Asker: 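I am attaching a structure below and will ask some questions about it afterwards.
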Amino acid sequence: MDEKYFAKKIEKKWQQIWEENKVFQVEISQEKPKFYALEMLPYPSGNLHMGHVRNYSIGDALAWYKRLKGYNVLHPIGWDSFGQPAEDAAIKRGVRPLDWTENNINQMRGQLKRLGFSYDWRREIFAHRPDYYKFDQWFFLKMYEKGLAYKKLTQVNWCETCKATLSNEQASGGLCWRCGNPVTKKDMQQWFLKITAYADQLLDDMKEIENGWPEKVLKRQRDWIGRSEGAYVDFALKENPAGIEKVRIFTTRIDTIYGANAIVVAAEHPVIESNFEYFSSEVKEVVRKILAEKRRVVDHEVEQEKEGIDTGLKAVNPFSGEELPVWVGNYVMMEYGTGAVMSVPAHDERDFDFAKKYGLPIRQVICRIEESTNFENAKSQLKEAFTDYGILVNSGDWSGKHSEQARKEMTEFAEKKGFGKAAVTYRLRDWGISRQRYWGAPIPIVYCDVCGIVPEKYENLPIKLPENVEITGMGESPLAKVPEFVNCSCPRCGKLSKRETDTMDTFVDSCWYYFRYCDPQNLNMPFDPKIVSYWTPVDQYIGGDDHAVMHLIYTRFWTKVMRDIGLVNFNEPVRKLLTQGMVVGETFFEVIPNPEDPQGKGKRIYYPPDSVKVQRDSKGKILSATSPEGKPLQWAIERMSKSKGNGVDPDEMIEAYGADATRLFILFAAPVENELVWNEAGIEGSVRFLQRLWRIFRKWKDKIAEAKTPSEQTFSQQAKALRRKTHQTIKRVTENLESLQFNTPIAALMELLNAIYDFKIEPENAKESDAFAMREALESLIIMLTPFAPHTAEELYSHLVGNQKGMLLNGVRFPDFELHLAKDEEIEIPIQINGKIRSKIKVSAEIKEEELKELALTDHKIKEYISNKEINRVIVVPKRLVNIVIKP
RNA sequence: GCUGGGGUGGCGGAACAGGUAGACGCACAGGACUUAAAAUCCUGUGGAGCUAUGCUCCGUGCGGGUUCGAGUCCCGCCCUCAGCACCA
């Protein structure tokens, strides 16, 4: 055993042993309970960053812990390797997306291996390889068959200069990332998946996972789905040139319908489109302006001024018979509800603003319960919209009813009379999966002049991406420029046809990858349902909370579809979810404003922190920052990323401190759900801890080698105290890990090591019982350290047992604690007078309540306080404290 | 604006179920070892005060409340982070 702790040497050694012994390779086994530990798979951007290290350190700690607890642990990894950055690299540097991606994967796999994560590498999956995306296409066809995949017209970000569609990131700040010109919106036919068909299930099934998922994630998903119950009401349209009979509106507040002063429709509404040519030039002008505004890409930071105009059309309120003007308004969205609303300014903030601006009448029809008996309309000038429920007034026969009851009854009434019905709408939209990009799974659809839209045959999958494609970032989709790809024969009639050139959103790949891990080589199916039924659902999923909504809702949706086609037999794929906080660092940037949207955030140009001159105050707060050229810069604390230049390279950490120390520190530094501001200074403490353990182990190694069982029944006070600390630590670490805390168990291990250092008997003088206590302490500590610093733990353990098989092949189990050994014999009890601590006494842990009270009252310090005072009460909390309440 | 988290030493953070606030680590200071430095080991470290080997007072964002007792529970503020933002 080396005198010193050489991290790199032992890390390399154990990584090799693990690989040779295949200790992390798992198969289905009925002998052990299974545990599926899953971390979100990385995008191969080039290098790991500290956020990855954190994510995978958590997952690896859990996987190790469960293995040591006797579980059959599936712990895989793979690559989310389709996506835009590969194309950006192709444009900027002329590398092929495939080469760029594979190189990055090789680089990052090397980093993962150097960190020593315990993956079953045989199960590694690659989203960009045909054997994987074949089944993206397979799923697409299944969905198409079930009517869950369809095409519709929608808006995309469009750069007129480059003639290209842009992702939201490429259009950030409203400017094109390539040419810097303002981005507009363009209508395009795109493929959608009908996630809205599962809206209710996505909502209802949350009760199956609410115990295992963070409430904040479920809440965000609930908001994202945005279920809202209300009613449709048809307003008959008076004579209009296009001859449209009625306008259907959606409202959650049908009880306020007597307060409607207008119908407001979106500029895209059919009523507007079909009557457009008959409108006055003034109306046309406003409609055009609203439509144009909607095409601009702006930040949503600033609230848009409400605008609109009376179209001159008239509609009739079916409840009151009142004739109302039909307005067009920029605040009504065509995509939600029916694209038309009734404007009730008295009881809706937006309608209130709108009515104020255009001087429309405001009629109150709901009032507070206490006002309802003598409600005087004239006096009640509303200063703001009254949006609460209340009592109906000015509402014909419905006056006097409570909102809640009126909503129900008025909806029923509308239904009976045939001009409305109860309705539920969702904020959730169908999932647009079309991308006008190269680096994604091609959508397996063919356009035939004769047969129309034709799905590919399953036996023709995968539809492979052509490899040599010129990617410029300009013009239409890259695949459209590849004749060998585009030209094909119709799967139905065999005639020359054209292939769909859109590829799929990469969120498709990540919807089902963790099912594929279970059966990664399957050529005919995405996976064998029998195999998957052993491993899934995922027992613990770990990842960043930036995926709280999109990825996690899409994969829940995907699971329900897989259930409906018989691939799985459960509703929810993930039992427990842990969302870790981001690893962040300081960033420095200048801001380029968007001329079209001066109030927006604009575009940020980042400077690497080591190039920036920074002034700080004594506490380290930044006072000012300037670029190398002397330009003043802004600063922030943001997620670490390559593009922002604030990343820390894990390789440098491994080189300087070792993988174990890096992993240990990132778990110790903060609770996993907190944001972690990266600060390198603290990592030294982790190295020191490992070195301290190394040294004391080395000192005791020979002495404890033979002390496997206690030879004596009696232990010295020192040995007893050490054993107590050992068993207390086992208890703490176990409890902490079971509740997914990772910083506190490491602190507990540090305490145990401190206690080992406090053991004042030297090995030469140690009795066998002392050696046993020391062995118990060190052996427990080493095994408990494994989840956090596996290489170091394995190395020390190998010296303890004298073989190089490693813990798992030695059948090592996480230590169990014995409660009677963990119990303190003597405890310190504070004695309070009126809630303030005045003395402390040491007593036996088994002391009787009466005796403790007696000791407290006779304590010499306490006597001074209570002499000549009247004692009102004495509160004795067993094993905690004594509080004596006296008259002051 | 709405919703949800969160404010504890110089810093990251501990604290069972209302019961000794500040575990553990970083940083800092002092000491031992050393020709010296690093490393290591030991000690100290919330603030203020005093008649200083001890004792007193204050202290978990602010103001109130409940309680024998509040970082923890309740009410009202302030700040902060995150998500959503014309969703009818």
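Every chain is numbered from 1 and lettered A, B, ... according to where its sequence line falls, protein lines coming before strand lines. Here the structure is a predicted model, which means the values were calculated and not measured.
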Asker: Grab the CG-P distance between A:N883 and B:A70 for me, whole Å please.
Answerer: 10 Å

Asker: Whole angstroms only, please: what is the CD1-C1' distance between A:I837 and B:G22?
Answerer: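 Rounded to whole Å, this separation is 13 Å.
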
Asker: From B:C68, B:C24, B:G13, pick the nucleotide closest to the side chain of A:I875?
Answerer: B:C68

Asker: At under 4.0 Å, does any side-chain N or O of A:R220 touch on OP1 or OP2 of B:G83?
Answerer: no

Asker: Quick one: label A:N872 by what it contacts on the DNA or RNA (base, sugar-phosphate, nothing), any heavy atom closer than 4.0 Å.
Answerer: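 Result for A:N872 = nothing.
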
Asker: Which of these nucleotides, B:C86, B:G25, B:U20, is closest to any side-chain atom of A:K840?
Answerer: B:U20

Asker: Considering every strand shown, what is the Watson-Crick or G-U wobble mate of B:C84 when both distances are under 3.5 Å?
Answerer: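 For B:C84, the partner nucleotide comes out as B:G1, under the 3.5 Å rule.
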
Asker: Checking all strands, does A:V885 fall into the base, sugar-phosphate, or nothing category for heavy-atom contacts under 4.0 angstrom?
Answerer: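 It contacts sugar-phosphate atoms only.
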
Asker: Going by purine N1 to pyrimidine N3 plus the second Watson-Crick contact, or the G-U wobble pair, all under 3.5 Å, which nucleotide sits opposite B:A14?
Answerer: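 Partner of B:A14: none.
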
Asker: Looking at B:C68, which nucleotide sits across from it as a Watson-Crick or G-U wobble partner, both distances under 3.5 angstrom, or is there none?
Answerer: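 When the pairing criteria are applied, B:G19 turns out to be the nucleotide that pairs with B:C68.
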
Asker: Taking it one step at a time, do A:D200 and A:Y426 satisfy side-chain hydrogen bond (donor to acceptor under 3.5 Å, both in side chains)?
Answerer: CA-CA 9 Å; A:D200 270 330; A:Y426 298 89; 2.6 Å; yes

Asker: Could you work out which one of B:A14, B:U20, B:G19 sits closest to the side chain of A:E828?
Answerer: B:U20

Asker: Applying salt bridge (charged side-chain N to carboxylate O under 4.0 Å, His left out), run through A:E307 and A:K357 and close with a yes or a no.
Answerer: CA-CA 9 Å; A:E307 270 190 89; A:K357 175 162 176 178; 5.4 Å; no

Asker: Under 4.0 Å, counting only non-hydrogen atoms across every strand here, what does A:N743 touch: a base, just sugar-phosphate, or nothing?
Answerer: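 The answer is sugar-phosphate, as A:N743 gets under 4.0 Å only of primed atoms, P, OP1 or OP2.
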
Asker: Any idea which of B:U56, B:U20, B:A88 is nearest the A:Y865 side chain?
Answerer: B:U56

Asker: Can you tell me how far C1' in B:C11 sits from the matching atom in B:U45, rounded to whole Å?
Answerer: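 About 14 Å, rounded to a whole number of Å.
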
Asker: Below the 4.0 Å mark, does B:C58 have OP1 or OP2 next to a side-chain nitrogen or oxygen of A:K836?
Answerer: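 Yes, A:K836 has a side-chain N/O under 4.0 Å of OP1/OP2 on B:C58.
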
Asker: Toward the 5' end of RNA chain B, which comes first, A:Q741 or A:Q832, by nearest nucleotide?
Answerer: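 Upstream on the strand: A:Q741.
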
Asker: Between A:R880 and A:A747, which is nearer to the 5' end of RNA chain B once each is assigned its nearest nucleotide?
Answerer: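 Mapping each residue to its closest nucleotide by heavy atoms, the 5'-most match is A:R880.
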
Asker: Find the distance A:K861:NZ to B:U56:C1' and express it as a whole number of Å.
Answerer: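 For the pair A:K861 NZ and B:U56 C1', the rounded distance is 13 Å.
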
Asker: Can we call the ring centroids of A:F6 and A:W694 under 6.0 Å apart?
Answerer: no

Asker: Taking the six-membered ring for Trp, are A:F419 and A:F319 closer than 6.0 Å centroid to centroid?
Answerer: yes

Asker: Check whether any side-chain N or O of A:R427 sits under 4.0 Å from OP1 or OP2 of B:A85, and answer yes or no.
Answerer: yes

Asker: Let me see the working for A:V265 and A:I272 under side chain to side chain contact (heavy atoms under 4.5 Å, CB included), right down to the final yes or no.
Answerer: CA-CA 8 Å; A:V265 301; A:I272 300 299; 3.6 Å; yes

Asker: Without decimals, in angstroms, what is the distance between A:E684 CD and B:A39 P?
Answerer: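 After rounding, the reported distance stands at 9 Å.
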
Asker: Look at all strands and tell whether A:V332 reaches a base, only sugar-phosphate, or nothing, counting heavy atoms closer than 4.0 Å.
Answerer: base

Asker: When the P atoms of B:G9 and B:G22 are considered, how many whole Å apart are they?
Answerer: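 Those two atoms are separated by 14 Å.
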
Asker: Indicate whether any N or O donor in one side chain lies under 3.5 Å from an N or O acceptor in the other, for A:Y336 and A:T425.
Answerer: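 Looking only at side-chain atoms, A:T425 and A:Y336 do form a donor-acceptor pair, the distance falling under 3.5 Å.
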
Asker: Within this structure, what is the CH2-to-P distance between A:W694 and B:U40, rounded to whole angstrom?
Answerer: 16 Å

Asker: For the ring pair A:F192 and A:W431, is the centre-to-centre distance below 6.0 Å?
Answerer: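 Centroid distance A:F192-A:W431: not below 6.0 Å, so no.
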
Asker: For B:C41 and A:R695 - does any side-chain N or O of the residue sit under 4.0 Å from the phosphate oxygens OP1/OP2?
Answerer: yes

Asker: Among the candidates B:C86, B:A23, B:C41, find the nucleotide nearest to the side-chain atoms of A:E751.
Answerer: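 Ranking B:C86, B:A23, B:C41 by closest atom to the A:E751 side chain puts B:A23 first.
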
Asker: What integer number of Å spans the P atoms of B:G5 and B:C55?
Answerer: 43 Å

Asker: Checking base pairs now: Watson-Crick or wobble, both atom distances under 3.5 Å. What partners B:U35?
Answerer: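 Here B:U35 is not engaged in any pair, so there is no nucleotide opposite it.
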
Asker: Can you check the distance between B:G12 and B:U51, where both ends of the measurement are the P atom (answer in whole Å)?
Answerer: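 That atom pair is separated by 36 Å.
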
Asker: Between A:S228 and B:A88, is there a side-chain N or O to OP1/OP2 distance below 4.0 Å?
Answerer: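 Affirmative; the distance criterion is met.
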
Asker: For B:A36, measure the glycosidic angle (O4'-C1'-N9-C4 for a purine, O4'-C1'-N1-C2 for a pyrimidine) and name it syn if it falls within 90° of 0, otherwise anti.
Answerer: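 Nucleotide B:A36 adopts anti.
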
Asker: How far, in whole Å, is B:G63 from B:U8 if one measures between their P atoms?
Answerer: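 So the two P atoms sit 16 Å from each other.
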
Asker: Whole angstrom is fine here: how far is it from NZ in A:K219 over to P in B:C2?
Answerer: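 One finds 13 Å between P of B:C2 and NZ of A:K219, rounded.
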
Asker: Looking only at the side chain of A:F668 (C-beta and beyond, no hydrogens), which of the listed nucleotides B:C86, B:C24, B:C26 gets closest?
Answerer: B:C24

Asker: Is the shortest side-chain N/O distance from A:Y336 to OP1 or OP2 of B:A88 below 4.0 Å?
Answerer: yes

Asker: Determine: side-chain N/O of A:R838 to OP1/OP2 of B:C57, distance under 4.0 Å, yes or no.
Answerer: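 Yes, within the criterion.
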
Asker: Any idea if B:G9 is syn or anti, going by the 90°-from-0 cut?
Answerer: syn

Asker: Calculate the interatomic distance between A:K842 atom NZ and B:U20 atom C1'; express it in whole Å.
Answerer: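 In whole Å, B:U20 C1' lies 13 Å from A:K842 NZ.
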
Asker: With a 4.0 Å cutoff (strictly under), does any side-chain N or O of A:R688 reach OP1 or OP2 of B:A27?
Answerer: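 Answer yes for this pair, as a side-chain N or O of A:R688 is under 4.0 Å from OP1 or OP2.
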
Asker: Does the salt bridge (charged side-chain N to carboxylate O under 4.0 Å, His left out) test come out yes or no for A:R695 and A:E3, once each step is laid out?
Answerer: CA-CA 7 Å; A:R695 282 195 303 269; A:E3 187 183 345; over 6 Å; no

Asker: With rounding to the closest Å, how many angstrom separate the C1' atoms on B:G71 and B:G13?
Answerer: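 Between the two C1' atoms, the distance is 14 Å.
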
Asker: Do A:Q728 and A:D824 meet the criterion of a side-chain donor-acceptor pair at a distance under 3.5 Å?
Answerer: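 A donor-acceptor contact under 3.5 Å links the two side chains.
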
Asker: Check side-chain hydrogen bond (donor to acceptor under 3.5 Å, both in side chains) between A:K408 and all other residues, then give those that pass, not counting sequence neighbours.
Answerer: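 None.
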
Asker: Roughly how far apart, to the nearest Å, are B:C24 and B:U66 at atom C1'?
Answerer: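 It works out to 34 Å between them.
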
Asker: Tell me which nucleotide, if any, is Watson-Crick or G-U wobble paired with B:A48 when both distances must be under 3.5 Å.
Answerer: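 Partner of B:A48: B:U56.
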
Asker: Pick the P atom in B:U72 and in B:A15, then give their distance to the nearest Å.
Answerer: 15 Å

Asker: Once you round it to whole Å, what is the distance between C1' of B:A88 and NE2 of A:H347?
Answerer: 14 Å

Asker: Under 4.0 Å between a side-chain N or O of A:N754 and OP1 or OP2 of B:G25?
Answerer: yes

Asker: Think A:R692 has a side-chain N or O under 4.0 angstrom from the OP1 or OP2 of B:C41?
Answerer: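 Yes, because at least one side-chain N or O of A:R692 sits under 4.0 Å from OP1 or OP2 of B:C41.
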
Asker: NA contact type, A:M750, heavy-atom cut-off 4.0 Å: base, sugar-phosphate, or nothing?
Answerer: sugar-phosphate

Asker: Scan every strand shown for a Watson-Crick or G-U wobble partner of B:A29, both distances under 3.5 Å, and answer none if you come up empty.
Answerer: B:U43

